[in-house]
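Structure record follows, encoded as structure tokens.
Numbered from 1 within each chain, the chains take letters A, B, ... in sequence-line order.
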Protein chains: 2
Amino acid sequence: MGTRNEISELPPEADLARADSLAREIFSDLANKWAFLIIEFLGQRTLRFSELRNEIGGVSHKMLTQNLRMLERNGLVRRIVHPTVPPRVEYTLTEAGEGLRQVVDGMCGWTQRYLGHIEASRNRFGDDAAISAIARSDDVPGLK
Amino acid sequence: MGTRNEISELPPEADLARADSLAREIFSDLANKWAFLIIEFLGQRTLRFSELRNEIGGVSHKMLTQNLRMLERNGLVRRIVHPTVPPRVEYTLTEAGEGLRQVVDGMCGWTQRYLGHIEASRNRFGDDAAISAIARSDDVPGLK
DNA sequence: CGGGATCCAAGCCGATACTG
DNA sequence: CAGTATCGGCTTGGATCCCG
């Protein structure tokens with residue numbers, strides 16, 4: 001789907017449709033692991049680029065830049081450039097970013113709560129367990 | 001990260017460290033757009049494979065299967081196979097899945113709340129490049 | 001120090017075919 | 001209908017270099 005579809009005339013119901021697809025797009029944009037981690041760490045305090053890179057760990061220069069631009073574009077992150085040399089660039093959350101941080105925090109809490117549950121489930125899944133809990137044969141025509 | 005998940009008498013600090021890296025891994029796993037959409041739609045009601053596919057829209061057979069397996073492996077989604085012909089497979093959220101659904105719901109609410117804010121920010125951000133080419137239907141960018 | 005651009009490998013994802 | 005496997009294109013993402 002082309003995202004460069006700028007239409008000057010807005011049909012009444014197209015507005016809702018557009019909002020919906022926009023919401024879906026935002027949803028897809030933000031549901032990515034680097035974005036979540038950035039939001040989480042910036043929620044704790046304002047960080048410089050390299051600090052953020054160290055805090056997160058395992059993120060490449062490119063990915064971090066890319067996601068920071070995306071978050072900035074969507075108005076979740078504010079980029080503050082200090083005109084010094086060497087340059088000092090700080091990132092902080094906007095009000096919208098703080099709002100999403102609540103969500104991410106919720107997910108962190110959820111992860112802590114269900115960590116054991118998840119780990120157990122993984123082991124169960126990897127093991128070949130005879131999991132056939134349901135074996136109720138209904139009367140189905142066509143089955144020999 | 002190591003696959004040294006050997007359960008033994010490990011010191012409390014090591015346990016925390018392991019839990020931390022596991023949490024990070026889970027975090028990365030689940031912060032993906034298809035997983036979120038699946039959780040959201042399954043939160044509303046139990047769905048069959050093809051129903052889920054239709055509801056979400058724009059997801060390929062393969063991606064849906066792949067993500068459902070992942071969610072099942074992590075114990076968020078329960079897969080119920082009815083031994084009929086043709087087969088009928090239903091998916092529903094587990095307790096852990098319901099927990100994560102709260103988070104996803106929160107994100108949906110957040111999206112609705114800040115939709116206008118985000119849209120405005122986007123326009124502000126990209127205004128330098130594509131100003132002139134708006135709303136002119138006769139000027140088709142035919143550059144080869 | 002922060003960020004853009006480029007090259008190139010790795011994996012993601014869609015399409016298709018086949019099984020039960 | 002649901003699932004697995006395979007193949008190929010194309011996006012992703014890492015490494016590197018250079019600029020302000």
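- Taking CZ of B:Arg48 as the start and OH of B:Tyr91 as the end, the distance is 11.0 Å to the nearest 0.5 Å.
- B:Leu64 places its CG atom 17 Å from the P atom of C:dC12, with the value rounded to the nearest Å.
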Exercise. What do the steps show when you test B:Glu25 against B:Ser28 for side chain to side chain contact (heavy atoms under 4.5 Å, CB included), and what is the final call?
Worked result: CA-CA 5 Å; B:Glu25 183 191 334; B:Ser28 301; 5.8 Å; no
For this session: Check step by step if side-chain hydrogen bond (donor to acceptor under 3.5 Å, both in side chains) holds for B:Asn32 and A:Asn32.
Result: CA-CA 5 Å; B:Asn32 113 44; A:Asn32 114 45; over 6 Å; no
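- In this structure, A:Gln66 places its CD atom 15 Å from P of D:dA15, rounding to the nearest Å.
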Taking only nitrogen or oxygen atoms into account, show me every contact under 3.5 Å that the protein makes with nucleotides 1-5 of chain C, one pair per line with its distance.
unit_1: C:dC1; atom_1: O3'; unit_2: A:Arg48; atom_2: NH2; d: 3.2
unit_1: C:dG2; atom_1: OP1; unit_2: A:Arg48; atom_2: NE; d: 3.2
unit_1: C:dG2; atom_1: OP1; unit_2: A:Arg48; atom_2: NH2; d: 3.3
unit_1: C:dG2; atom_1: OP2; unit_2: A:Ser50; atom_2: N; d: 3.2
unit_1: C:dG2; atom_1: OP2; unit_2: A:Ser50; atom_2: OG; d: 2.6
unit_1: C:dG3; atom_1: OP1; unit_2: A:Arg69; atom_2: NH2; d: 3.0
unit_1: C:dG3; atom_1: OP1; unit_2: A:Arg79; atom_2: NE; d: 2.7
unit_1: C:dG3; atom_1: OP1; unit_2: A:Arg79; atom_2: NH2; d: 2.9
unit_1: C:dG3; atom_1: OP1; unit_2: A:Tyr91; atom_2: OH; d: 2.7
unit_1: C:dG3; atom_1: OP2; unit_2: A:Tyr91; atom_2: OH; d: 3.2
unit_1: C:dG3; atom_1: O5'; unit_2: A:Arg69; atom_2: NH2; d: 3.4
unit_1: C:dG3; atom_1: N7; unit_2: A:His61; atom_2: NE2; d: 2.8
unit_1: C:dG4; atom_1: OP1; unit_2: A:Arg69; atom_2: NE; d: 3.3

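- Spacing between atom CG of B:Asn32 and atom P of D:dT11 amounts to 19 Å, rounded to whole angstrom units.
- Defining each end axis of the helix from C:dC1-D:dG20 to C:dG20-D:dC1 as the rotation carrying four pairs' C1' atoms onto the next four, with five pairs an end, the two axes are found to diverge by 40° to 10 degrees.
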For this session: Please lay out, stage by stage, how A:Glu90 and A:His82 fare under the test side chain to side chain contact (heavy atoms under 4.5 Å, CB included).
Result: CA-CA 8 Å; A:Glu90 291 181 330; A:His82 299 269; 3.1 Å; yes
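- A side-chain donor from one of B:Tyr114 and A:Glu95 sits under 3.5 Å from a side-chain acceptor of the other.
- Ring planes of B:Phe27 and A:Phe36: perpendicular class, angle over 60° (limits at 30 and 60°).
- The NE2-C1' distance, from B:His82 to D:dA2, rounds to 13 Å in whole Å.
- Looking at B:Thr94, its side chain does come within 3.5 Å of a backbone N or O of B:Leu76 through a donor-acceptor pair.
- Put simply, the residue from A:Leu42, A:Leu37, A:Leu47 that forms a side-chain contact (heavy atoms from CB on, under 4.5 Å) with A:Glu55 is A:Leu47.
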For this session: Assess whether side chain to side chain contact (heavy atoms under 4.5 Å, CB included) is satisfied between A:Leu64 and A:Phe49, documenting all intermediate values.
Result: CA-CA 8 Å; A:Leu64 187 55; A:Phe49 182 85; 3.8 Å; yes
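- Of the residues in residues 52-60 of chain B, none has a non-hydrogen atom less than 4.0 angstrom from any atom of DNA chain D.
- For B:Ala35 against B:Leu30, the heavy-atom pair with the smallest separation is CB-O, 3.8 Å.
- Between the P atom of D:dT12 and the CG atom of A:Asp29 lies a distance of 11 Å, rounded to the nearest Å.
- The distance from atom CG of B:Asn67 to atom P of C:dG14 is 10 Å, rounded to the nearest whole Å.
- Looking only at distances, no side-chain donor or acceptor of B:Trp110 sits under 3.5 Å from a matching main-chain atom of A:Gly97.
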